[in-house]
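Input: a single structure, listed below in structure tokens.
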Amino acid sequence: MKKYFVILFLFTIKSFYAQYEIGGGMGLSFFNAPDLNDYINTNFSSGEDIPSFTTSADFFVQFNYDIASNYQLSIEYNYNIYSYNSTIGIGVYDLQLNQHKPSLLGYYFYAGPGYKFKIGGGMGLRISQAQEELYGSKEDYSTSGIGFIAKAQGDTKLGSDFYALIAGEIIYDLPGEIKTLSNSKFDLSTFGIGLKLGIIYYF
């Protein structure tokens, strides 16, 4: 009897943990921030305006939980980095923009032998931190707001319980306004698309 109880317990633990996934990786975002573009092009462009859509780097982790046979909740954290620098007269202008993007998402998923496809969306807090430097003078600013995301992700089995993931997303962030060295402000509202690659482990 004790033997059967142990087997049942181990089977229950395996079933319980099979509902979880932990993953991470990196990617690129192609975004449009009209106020940011206007601010740089008007004040610090070195002769050539920055394009409407520019690129930034992403690093992310995600924790997923299957709440039903075809539905999943996900807690994701994305760290986004953007920088711009140019030569102004005899000095250098530098802007560093770091954004923390935790989000709660819901997915509908379809799983088959060795793969899982997910589509869904969600929202979360957006915390933006900016540092400007001009002629040796530095200023740090921060702001926070909200963001929305629509996402599709595919996981393909590599071996054992490890999967490769590729994801595409549409992003709309409203983190608020950032002050500047000249005591003006610009809005960091951003629309963008992103591509992410990584590894995910299924428990």
Side-chain angles (χ1 to χ4, degrees), residues 23-62 74-105 121-153 165-199:
M26 60 186 300
L28 289 175
S29 289
F30 305 89
F31 70 93
N32 173 254
D35 265 21
L36 172 61
N37 289 359
D38 288 345
Y39 172 69
I40 292 176
N41 289 335
T42 301
N43 299 285
F44 305 109
S45 175
S46 55
E48 183 177 345
D49 288 352
I50 60 174
S52 296
F53 278 81
T54 52
T55 60
S56 59
D58 286 315
F59 302 89
F60 72 94
V61 293
Q62 57 181 231
S74 177
I75 298 173
E76 301 186 7
Y77 169 76
N78 189 76
Y79 180 58
N80 179 263
I81 303 172
Y82 170 76
S83 65
Y84 174 84
N85 60 76
S86 63
T87 301
I88 305 296
I90 59 172
V92 174
Y93 171 77
D94 185 73
L95 171 67
Q96 299 289 329
L97 181 61
N98 301 323
Q99 300 191 77
H100 304 272
K101 301 181 177 185
S103 298
L104 178 65
L105 293 91
M123 60 186 293
L125 179 67
R126 302 294 182 258
I127 301 171
S128 298
Q129 299 169 326
Q131 182 183 83
E132 280 190 299
E133 181 177 359
L134 180 63
Y135 303 135
S137 177
K138 280 186 181 180
E139 292 288 346
D140 295 297
Y141 310 100
S142 64
T143 185
S144 61
I146 195 169
F148 304 89
I149 181 172
K151 187 172 182 179
Q153 179 173 314
L165 73 84
I166 181 170
E169 55 192 26
I170 300 172
I171 308 153
Y172 184 51
D173 290 335
L174 300 163
E177 291 184 328
I178 287 285
K179 291 183 179 180
T180 71
L181 280 169
S182 59
N183 292 320
S184 62
K185 295 181 179 181
F186 62 82
D187 194 314
L188 270 178
S189 297
T190 302
F191 171 79
I193 57 175
L195 177 66
K196 290 183 168 65
L197 300 173
I199 299 292

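Considering all non-hydrogen atoms of both residues, I166 and L197 come closest at CG1-CD2, 3.6 Å. Of all heavy-atom pairs spanning I50 and Y82, the tightest one is CD1-OH, 4.3 Å.
For Y93, the side chain to side chain donor-acceptor pair (under 3.5 Å) criterion is met by E132, not counting sequence neighbours.
Not one N or O on the side chain of N32 forms a donor-acceptor pair closer than 3.5 Å with the backbone of F191. Under a 3.5 Å cut-off, the side chain of T190 and the backbone N or O of L188 do form a donor-acceptor pair. Judged by distance alone, with hydrogens and angles left aside, the side-chain atoms of S74 form no donor-acceptor pair with the main-chain N or O of L105 at under 3.5 Å.
For the atom pair NZ (K151) and CD (E169), the distance works out to 5.0 Å, reported to the nearest 0.5 Å. The distance from the CG atom of N80 to the CG atom of L28 is 10.0 Å, given to the nearest 0.5 Å. Of the inter-residue distances, the one linking L125 atom CG with K101 atom NZ reads 11.5 Å to the nearest 0.5 angstrom. The CG atom of D173 lies 11.0 Å from the CE atom of M123; values are rounded to the nearest 0.5 Å. Here the OG atom belonging to S142 is positioned 8.5 Å from the CD1 atom belonging to I127, to the nearest 0.5 angstrom.
With no hydrogens or angles considered, a side-chain donor-acceptor pair links Q99 and S128 at under 3.5 Å. A donor-acceptor contact closer than 3.5 angstrom links the side chains of Q96 and D94.
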Walk me through it: do L36 and L95 pass the test side-chain contact (heavy atoms from CB on, under 4.5 Å)? CA-CA 11 Å; L36 172 61; L95 171 67; 3.7 Å; yes
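Below 30°, between 30° and 60°, or above 60°: for H100 and Y79 the angle between ring planes is between 30° and 60°, a tilted geometry.
No more than 12 heavy atoms of other residues, nucleotides or ligands sit less than 6.0 Å from atom OH of Y172.
For residues 50-62, the salt bridge (Lys or Arg N to Asp or Glu O under 4.0 Å) pairs, not counting sequence neighbours, are D58-K196.
Residues K179 and E139 are not paired through a salt bridge, judged by the lack of any N-O separation under 4.0 Å between the basic side chain and the carboxylate.
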